[in-house]
Amino acid sequence: ASRGDAPQTVGVDQWRQFRGATLNFISENTAPTAAIAADLSPFTDLTGINVNIVTLELTALVQRVALDLASGRAQYQVIYADPYQVLAPYQRGLVDLRTLQADRNLPDLPGGVGDFIPTQLDAAGRFVEPGPIYALPYDAPTMIWQYRRDLFDKYRDRMANDLGFDPTPGGDRTWEEYYGIAQWFNKNAKADVLYGTGHQARQHDSLMNDFSNVLWSYGGDYFDNGRQVGRMGSRDPGPSRLDSAAAIAGAEFYQRLLAIADPGSTTWDWDGVGAAFRGGRLAMCPNWHEFAASNEQVLPGKVDYAPLPKGPAGTANMYGGTGVGISANTLSHERGAAWLFLVWATSPQTQLTNLKSKAGGGTPTRTSVYELPEVRAAEKRPSTMPNMLTAAAVRQAWQPDKIGLRPKIPMWNECNTAIFTQLSRMLTERVSPEEAMRSMKERVDRIVARGWVA
Amino acid sequence: MAKVLYEEATRVYPGTERPAVDALDLDISDGEFLVLVGPSGCGKSTSLRMLAGLERVDGGRITIGERDVTHLPPRDRDIAMVFQNYALYPHMSVADNMGFALRVMKAPKQERDRRVRDAARLLDLEEYLDRRPKELSGGQRQRVAMGRAIVREPQVFLMDEPLSNLDAKLRVQTRTQIAALQRRLGVTTVYVTHDQVEAMTMGDRVAVLKDGLLQQVDTPLRLYQHPANVFVAGFIGSPSMNLAEFRVEGEEAVLGGTRIRLSRETLEALRKEGGDRLVLGFRPEAVDVIAETDADAEHRTFPVTVTVVEELGSDAFLYGQYADAAHPALLDQTVIARVDPNAPPAKGDRVRLRIAQGKERLFSAVTGRRLPP
Amino acid sequence: MAKVLYEEATRVYPGTERPAVDALDLDISDGEFLVLVGPSGCGKSTSLRMLAGLERVDGGRITIGERDVTHLPPRDRDIAMVFQNYALYPHMSVADNMGFALRVMKAPKQERDRRVRDAARLLDLEEYLDRRPKELSGGQRQRVAMGRAIVREPQVFLMDEPLSNLDAKLRVQTRTQIAALQRRLGVTTVYVTHDQVEAMTMGDRVAVLKDGLLQQVDTPLRLYQHPANVFVAGFIGSPSMNLAEFRVEGEEAVLGGTRIRLSRETLEALRKEGGDRLVLGFRPEAVDVIAETDADAEHRTFPVTVTVVEELGSDAFLYGQYADAAHPALLDQTVIARVDPNAPPAKGDRVRLRIAQGKERLFSAVTGRRLPP
Amino acid sequence: MTHVADSSPVLRRPAGPESLAPREPRYGFEGRMMTPGLILLAALSIVPFFALIAMSFSRVRLLGGVRLDAVGLANWVRFLTDADMWMSWLRTVVYFVLTVGLEMVLGVGIALCLYRVLRGRNILLSLLLLPMFAAPVIVGLLGRYLTDSTFGLYAWVLRSLGYTGDILGSPTSAFAAVVLMDVWEWTPLIALITLAGLSSVPQSVREAAAVDGAPAWMTFRYIIFPAISNVLLVALLIRSMDAIRYFDIIWVTTNGGPADATKIVPIRLYETAFRFFDFGYAAAIGLAMLAFSIFIARTFVRLLDTRGLTR
Amino acid sequence: MSTSMTPPSSAHQRTTADQAVRGNGRAVTAAPPGVPQSPLEASSKRSRWTVAILLAVAMLWTLIPLVWMLLSSFKNRSDVTAATPQVLFAPTLDNYRNLFSGPNNLGPYIWHSVLAAGISALLALFLGALAGYGLARTRMRGKKHLAFWIISTRMAPIAAIVVPLFLIFRGLGLIDSIPGLVLAYLTFNLPFAIWLMSAFFAEVPPSLEESALVAGCTRWQAFRTVILPLTKSGLVTTFVLCLVFAWNDYAFAVVFSGPNSQTLPIAASQLVTQTGIDWGQLTAIGTIVVVPMMLAGLAVRRWLVTGLTLGAVTGE
Ligand SMILES: Nc1ncnc2c1ncn2[C@@H]1O[C@H](COP(=O)(O)OP(=O)(O)OP(=O)(O)O)[C@@H](O)[C@H]1O
Ligand SMILES: Nc1ncnc2c1ncn2[C@@H]1O[C@H](COP(=O)(O)OP(=O)(O)OP(=O)(O)O)[C@@H](O)[C@H]1O
Ligand SMILES: [Mg+2]
Ligand SMILES: [Mg+2]
């Protein structure tokens, strides 16, 4: 359909100049989108712009976005730009937001770009070059250790006695200890939970996430220069390092860990683990911190959070945040309208509202929001913003040396598939870790060598 | 080969009131060819299927040979059946069709082949043994169906209108063949048809059914010449017997100007019944055409207006309307007479017909049964 | 009502070599009832469909009345057709079926109703006008099909084996009705059948086809009595004419001990052909049975062993084998003779048959054509 | 008046149908009737088909309008040398044979049972047919719900029967599960068709077999089964065409996992196209799949042809 | 002759005969209900039980998932995911209510589905009826090849044709529009409709049509007034099957639909969210998607067979 550009009313308030325009926002069905979708009236009242929100499962979203970018005419002006599946391969299809930020006729970002947590701005908003910003950090799910505080309280002493260390989750625990705790639960607490630990080990993106935490903490990595490739991204990351001794050691541990985990693990992605955890099957699991809100609903007061255990090389907590960007196929007024939405959607006020939303929440991506006294107060029970119960753990996890950033390369999707497929074979077909890692490397190298055209 | 006995055999289809076959008593001797005829729906097929074991017997018994088979399944009765639509197994070759029953009874392969070949030779089917039924003409299919029956060498053959799917010409040929074959094999046979000619020509005896009730069993000629009742009289023969109701006046049967003298036995029987009417029948070939002027007042004659003349070359039939305007009783009924094909009357002619002496048949107007002549 | 003319009309089905109808010349006069007969596949239906416009005419022309219709679509030909399976529209009531053509030609409603009612009255269908075809019996359906044709009041009726789906008894009734109806309406009619009796009884003239070629057109009786060739002789009549090949010796035709004197004209015609053989035919009713001893040496007779006797009550047919063992030429062929039903010979008897004087028919053994008597 | 058959057909043959030139009376109209549908169909199928061929020899750029960079046979070479791909083909064949095979066996079994039921057959049949009208996506999601190890009904049943593993979690059981979901949805179709086939075997043929003395199993083996084999073949044809094509169920349940155990070719194709956006390679896979399904369909159609069943 | 034919174990036969007499002692009186009438159908009690049990298993296997879906759609959050399946529970309409309130109101999805599936089924029916008729009646050479081509277009792998179609549709501005979805659905529905309808048309005897031609109809009139009404059942069946296929489609909708044209299966897949699947709502959507098609399908069950078997079997 050859729709014209959005209308512009000149000479009114910056925020109302595009009233009557309609925007389509395509998003994965994540917590902040759910919160925004639940009540769009503040934005519409403010700007007179209508927003349709299309929420899709991530694979479907990427497919739609790619085709839309290819179509040359933006169906979706505002895009939920997953750093690995959208930003890295298609950053040239997105608007460099600096141009809009610089536009005098358009409102500024409150607090400027600097208010976003810097690692997140880089990871979710930039690609390779330090300058251009393609997306504004929008959500920030991060994997942390979630555990049943009630059970740990109940069994702490016995565990400490049996295992010889204090089992309380925290930054000092190691993966080996995690393993020990899980096994202890398996053996000694059948009455309360079926299994000590559960994982998101379905043949799916989630398996790569769950495994990466272990991989990194054992000193392995996907490519040379892993942190750089993770934070800024790379078009040509060089040969894969997945066959390094450290990586194989990580894989060996992971295989061992999964052997004692809930057998359902191999069917679960993050949802599955979340549901199982809430369903009372598991004593603990690594999962996205944004599940805190649901946990609190089902098991109020019984769950607590900590950064993931460390390995020989420290700890790593997989970051899964995403930014929102604007399709480069938008016409100029639409672009302006889309900018208004971006500014509004990532504003501290909106992020605060999201935090309180009944529809789930999401967590702020701005430093300033975390500073608000109201938010600070919510980190303790009873909390009106249940996601903030994870703040202590997350704040640690986001430290540059503890955050886990997977490689941001354009062909990541295919690499990722090769990786989690081989991992899945390792877990379910008893392929040896060494062989699995080697075949992973082989495939990744082949994919990377093919290069990428967008 | 065995005798077959129906004893009060009855079949009531579920959901119906009237028995489809009602207390049928029939004694078929060893090697006999018995034809079952009757109008559509009279229970011919049902009777046959009861004997085959395809239909339940709701009352009475059926025996084959000495064995009571009333409640045996078909496969234990040692019969072979030829169906109206032949019911050939469509996916089997002719040879396999014919040999199937033997295969079922686990006859050795050579034996089977030999018997199939023998039957095929008999039926002139040798060159078609490898074909599928649908590659055969109607007549050939019919022969295969026969073949399937005869390789069995069963105790009884059952045939349910096996010729009705053939065209007229082929039917004539085939009926002769079947009759000859049965005589040769000597297997007791029950044959259902509603075709006049088949009934008359094929069977040793013919059983006439109507509404599930047996009307008469006799040789074809006796059925034709001495029908037991009005129904049989009208049913057997084509064109049918002419039938008309006469009043009895004194010693004569009277209709309009037509008078026919009745014998003492007839009058006696009528008196017993107490009726003053009777049904008189005569066959189309039992009338002579006499010139209108010739014998106006003669007994046994009546006037007819010719409505149609069918000239078949070998024969001619006159279809006429009773022409005595004063007595409209007969007006609706068509009188049929066989006339000389070389000098048939013309349409519209008025002719006089005379019933040949002794050729009339008399029936009670009350019970329909034949009166003594 | 109009005359119909086929002039060298030819139809070759795509993908076949031989024409299905080959240069058909046929002149059907106004109001005539013409019957097309012939064995299956001879092109009867094709000829009819060419006239209806349902089949392309590949050569020659067809005219109805004065109009050349060779390339007109069916709807412009003003014909009505009765199909073998009646082709009634299952989703329409009887009345709608009959009125359909009128509706198509946009006849006003009253007119339509009137004509449908008239036709229904004529065919005794009035009480069924609201029924659907599937609620009717076979005979009623057939009448509806007729009705559909007659409401049209077309120039020509075409009927393709319209009775073949009826059972024997009904067929006899209906054929008389149709013939009568046609006479009454006076519409030119072309009627296809392969039934002997229909051909003989219904038509003013009969056209015999074989392999797409017209064999003879004539009145039924002349066809029966003077067939133009061996094919027609064998095809018309049931049971068929007996045919046998005789040698010509001097002035006689000889087969075994049987000798038949030939006329001068016959001998002349034979001489022209240069053949020394001819085919002699005689109908079953044209023979007399004479006692074996009676006239052993007489001309025109031959000995026969009786294999089957069919007694139909009104008639009896003898099926026999030529019994002169010294001359096996005729051995395979069955001789059929009509005999006295009151005193038929028995199976196995040896009888002598005599061909009635002047009843033999002679044909060239080469061309099959009739020879002058 | 008497025409004797003396005309030589060869001499009398008209100049030939072409010279007379009126159209075959039933030719043009059929053509005109088919035209709109066929044109649309051609547009919807032939254009994409050629586009696919072109793509399979190219690398496809998406951004800023689609462009094809010719890469020669690269995609095809990769297709032929891709070991994972061969495994997928193998799995596809196994999946195909298992689903279609099970559906045939169960469908025929159910039809045979139903055929022996005289009263209530229609209601039973109606209920049994329900799954085939369900959207495959819903079937997949429902399957996931029923086999979920935490709250799935079937998982619970299996657990109480002593099965400890996780249904979608290990390669074999996951494969079996997706096969069974497909079987659940499509067995009714086979049952429906088979039942119709059974009902179309003339009663008199069964009776003939009974009179010939055949016991039940022989009647089935030698009479009924061959008689319905054509219908079964048609059912097989219909079912296989979709079995090769559909992937919704796997897509929403296991998405190819675990350990690629359920990664049949359609999934791999979809993934190549819409996760990796390697349209060139996807086109090659797609063409190969098309060839495969046409091969299968041809085989069945030829089988039907030899039995004279196609029109 | 009969000696060789009598099966060897006549003693055994006698006993079966006796049993039959005893077992069917009641046979002389009216048959008890449920006893098969024709001896052909007669079967031992054991085999009747076997059949009953097998059918019961088949029914359970078929119906449990559907019933479970229906039940679950009336469960509240905790009952839906209870570790022990809940058969008795307090029913709630919340799941349905939630589907129609809130941000992702299901209303438009239903409307889009109805429009897209309905129109495409109608179009497929219309074009399919025309072309199916042509195909059934044409005597052209290469007819079989044409027929095979038609059906082979339906076998094309979905993922493969979606890409080029997308490019074409984009050029025509058909992305995210109901017409676009309609066309996309036609790619599989049109060949199917042609195929199906030609099977139905082939069952109509040509003589009916010829009769109409002779009665004065043009070809088109004959088609309209005689042939079409006769294939009413075929038309309904084709329509319903096309409707079902279009309604159930996911793969095309995922690519071609957008905010203005999302369909129900997309709505179902959208419930698979990052924060968990709401099984209550999902089963509710499942019910909404599945039930109308089941009803439609059952309505045409009698005629399904003819179409689905290329007329190799005529319906019951
Ligand atoms: N399965 C059945 N259920 C109920 N009634 C039946 C059944 N089969 C036949 N009948 C009825 O039983 C009677 C006898 O039928 P039957 O088939 O034996 O007649 P028929 O003499 O063979 O007739 P036809 O010459 O038409 O074959 C008829 O009135 C028929 O309607
Ligand atoms: N559509 C067709 N295509 C090819 N050949 C045909 C076609 N229709 C008929 N024929 C052939 O044309 C010849 C004449 O067929 P037609 O149907 O006219 O015979 P018929 O005399 O009506 O036979 P029947 O008594 O069997 O109806 C036959 O050899 C037949 O096989
Ligand atoms: Mg009968
Ligand atoms: Mg014909």
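The main-chain N or O of D:Glu30 is never found under 3.5 Å from a side-chain atom of E:Arg137 such that the two would form a donor-acceptor pair. With E:Trp61 contributing its side chain and D:Trp184 its backbone, the two residues share no donor-acceptor pair below 3.5 Å. Checking side-chain atoms of E:Trp68 against main-chain N and O of D:Leu153 turns up no donor-acceptor pair under 3.5 Å. The closest donor-acceptor contact from the side chain of D:Tyr145 to the backbone of E:Val80 lies under 3.5 Å.
Only the side chain of E:Phe223 comes within contact range of chain D, with heavy atoms under 4.5 Å apart. Residue contact with chain E, scored on non-hydrogen atoms closer than 4.5 Å, is absent for D:Leu236. Proximity to chain E is absent for every atom of D:Ala209, based on heavy atoms less than 4.5 angstrom apart. The contact between E:Tyr250 and chain D is made by backbone and side chain atoms together, counting heavy-atom distances below 4.5 Å. Of the two parts of E:Leu264, neither the backbone nor the side chain holds a non-hydrogen atom closer than 4.5 Å to a non-hydrogen atom of chain D. Heavy-atom distances place both the backbone and the side chain of E:Leu135 under 4.5 Å from chain D. The contact between E:Leu146 and chain D is made entirely by side chain atoms (from C-beta outward), counting heavy-atom distances below 4.5 Å. For E:Trp149, the part lying near chain D is the side chain, with the backbone staying farther off; criterion is any non-hydrogen pair under 4.5 Å. When heavy atoms are compared at a cutoff of 4.5 Å, E:Leu298 approaches chain D by way of both its backbone and its side chain. Residue contact with chain E, scored on non-hydrogen atoms closer than 4.5 Å, involves the backbone and the side chain of D:Tyr270 alike. D:Leu129 touches chain E through its side chain: at least one heavy atom from C-beta onward sits under 4.5 Å away, while N, CA, C and O do not. Only the backbone of E:Ala82 comes within contact range of chain D, with at least one heavy atom under 4.5 Å from a heavy atom of that chain. Neither the backbone nor the side chain of D:Ala283 comes within less than 4.5 Å of any heavy atom of chain E. For a residue to count as touching a neighbouring chain, one of its non-hydrogen atoms must lie under 4.5 Å from one of that chain's; by this rule D:Tyr246 touches chain E with the side chain only. In this structure, chain D has heavy atoms under 4.5 Å from both the backbone and the side chain of E:Thr84. Looking at D:Tyr154, only its side chain comes within 4.5 Å of chain E, counting heavy atoms on both sides.
No side-chain heavy atom of E:Val254 sits less than 4.5 Å from a side-chain heavy atom of D:Trp251. Between E:Met69 and D:Ile138 there is a side-chain heavy-atom pair separated by less than 4.5 Å. Taking 4.5 Å as the limit, some side-chain heavy atom of D:Leu40 sits within range of a side-chain heavy atom of E:Leu183. D:Val137 has its side chain out of reach of E:Asn248: every pair of non-hydrogen atoms, C-beta onward, lies at least 4.5 Å apart. In this structure, the side chains of D:Arg32 and E:Leu130 stay at 4.5 Å or more apart for every pair of heavy atoms. For the pair E:Thr62 and D:Pro131, the minimum side-chain heavy-atom distance is below 4.5 Å. Residues E:Val255 and D:Phe274 form a side-chain contact, since some pair of their non-hydrogen atoms from C-beta on lies under 4.5 Å apart. The side-chain heavy atoms of D:Leu130 and E:Leu63, taken from C-beta on, include a pair separated by under 4.5 Å.
Ranked by heavy-atom pairs under 4.5 Å with chain E, the list D:Arg245, D:Met132, D:Arg144 is led by D:Arg245. Chain E forms the most heavy-atom pairs under 4.5 Å with one residue out of D:Leu124, D:Asp148, D:Val139, and that residue is D:Leu124. Highest contact tally toward chain D, considering only E:Pro164, E:Pro65, E:Ser152, E:Pro265, is held by E:Pro65 [criterion: heavy-atom pairs under 4.5 Å]. Counting heavy-atom pairs closer than 4.5 Å to chain E, the top-ranked of the candidates D:Arg298, D:Arg159, D:Met289, D:Glu185 is D:Arg298. Highest contact tally toward chain E, considering only D:Leu127, D:Val117, D:Ile110, D:Val157, is held by D:Leu127 [criterion: heavy-atom pairs under 4.5 Å]. Considering only heavy-atom pairs separated by less than 4.5 Å from chain D, the leading option among E:Leu241, E:Ile161, E:Leu282 is E:Leu282. Considering only heavy-atom pairs separated by less than 4.5 Å from chain E, the leading option among D:Leu287, D:Leu114, D:Ile285, D:Ile244 is D:Leu114. In terms of non-hydrogen atom pairs under 4.5 Å with chain E, the most contact-rich of D:Cys113, D:Gly152, D:Gly286 is D:Cys113. In terms of non-hydrogen atom pairs under 4.5 Å with chain D, the most contact-rich of E:Leu54, E:Ile158, E:Asp249 is E:Ile158.
Pairs passing the side-chain hydrogen bond (donor to acceptor under 3.5 Å, both in side chains) check and including a residue from residues 47-56 of chain D, sequence neighbours excluded, read D:Ser56-D:Trp76. Within the structure, salt bridge (charged side-chain N to carboxylate O under 4.0 Å, His left out) contacts touching residues 145-167 of chain E (residues at least two apart or in different chains) are D:Asp242-E:Arg154.
Atoms CZ and OG, on E:Arg302 and D:Ser126 in that order, are 11.0 Å from each other to the nearest 0.5 Å. To the nearest 0.5 Å, atom CG of residue E:Leu55 and atom CG of residue D:Leu128 are 7.0 Å apart. Rounded to the nearest 0.5 angstrom, E:Met155 CE and D:Leu290 CG are separated by 7.0 Å. How far CD1 of E:Ile150 is from OG of D:Ser45: 9.5 Å, rounded to the nearest 0.5 Å. Atom OG in E:Ser72 sits 8.0 Å away from atom CG in D:Leu142 (nearest 0.5 Å).
Across every non-hydrogen atom of E:Ala160 and D:Leu52, the tightest pair is O-CD2, 3.4 Å. For D:Asp248 against E:Ala251, the heavy-atom pair with the smallest separation is OD2-N, 4.4 Å. E:Trp195 and D:Ile238 make their closest contact through CH2-CG1, 3.9 Å (heavy atoms, listed as atom of the first residue, atom of the second, distance). Contact record, E:Val290 with D:Ala135: CG2-N, 4.1 Å, taken as the closest heavy-atom pair. Residues E:Leu165 and D:Pro48 approach most closely at CD2-CG, 3.9 Å, considering heavy atoms. Residue D:Met34 comes nearest to E:Ala131 through the heavy atom pair CG-O, 3.5 Å, listed as atom of the first residue, atom of the second, then distance.
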(request) In sequence, state the C-alpha distance, the side-chain angles, and the governing distance for E:Ile194 and D:Leu38, and then conclude on side chain to side chain contact (heavy atoms under 4.5 Å, CB included). (result) CA-CA 9 Å; E:Ile194 296 177; D:Leu38 292 192; 4.2 Å; yes
(message) Show, in sequence, the C-alpha distance, side-chain angles and deciding distance for D:Leu44 and E:Thr153, and conclude whether the side chain to side chain contact (heavy atoms under 4.5 Å, CB included) test is met.
(response) CA-CA 9 Å; D:Leu44 289 175; E:Thr153 63; over 6 Å; no
(request) List the steps, then state whether side chain to side chain contact (heavy atoms under 4.5 Å, CB included) holds for D:Phe133 with E:Leu295. (result) CA-CA 9 Å; D:Phe133 302 110; E:Leu295 294 180; over 6 Å; no
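Counted within 6.0 Å of CZ on E:Phe126, heavy atoms from surrounding residues, nucleotides or ligands total 12 or fewer; the atom is thus considered open. Annotation for E:Phe169: atom CZ counts as buried by contact number, over 12 foreign heavy atoms lying within 6.0 Å.
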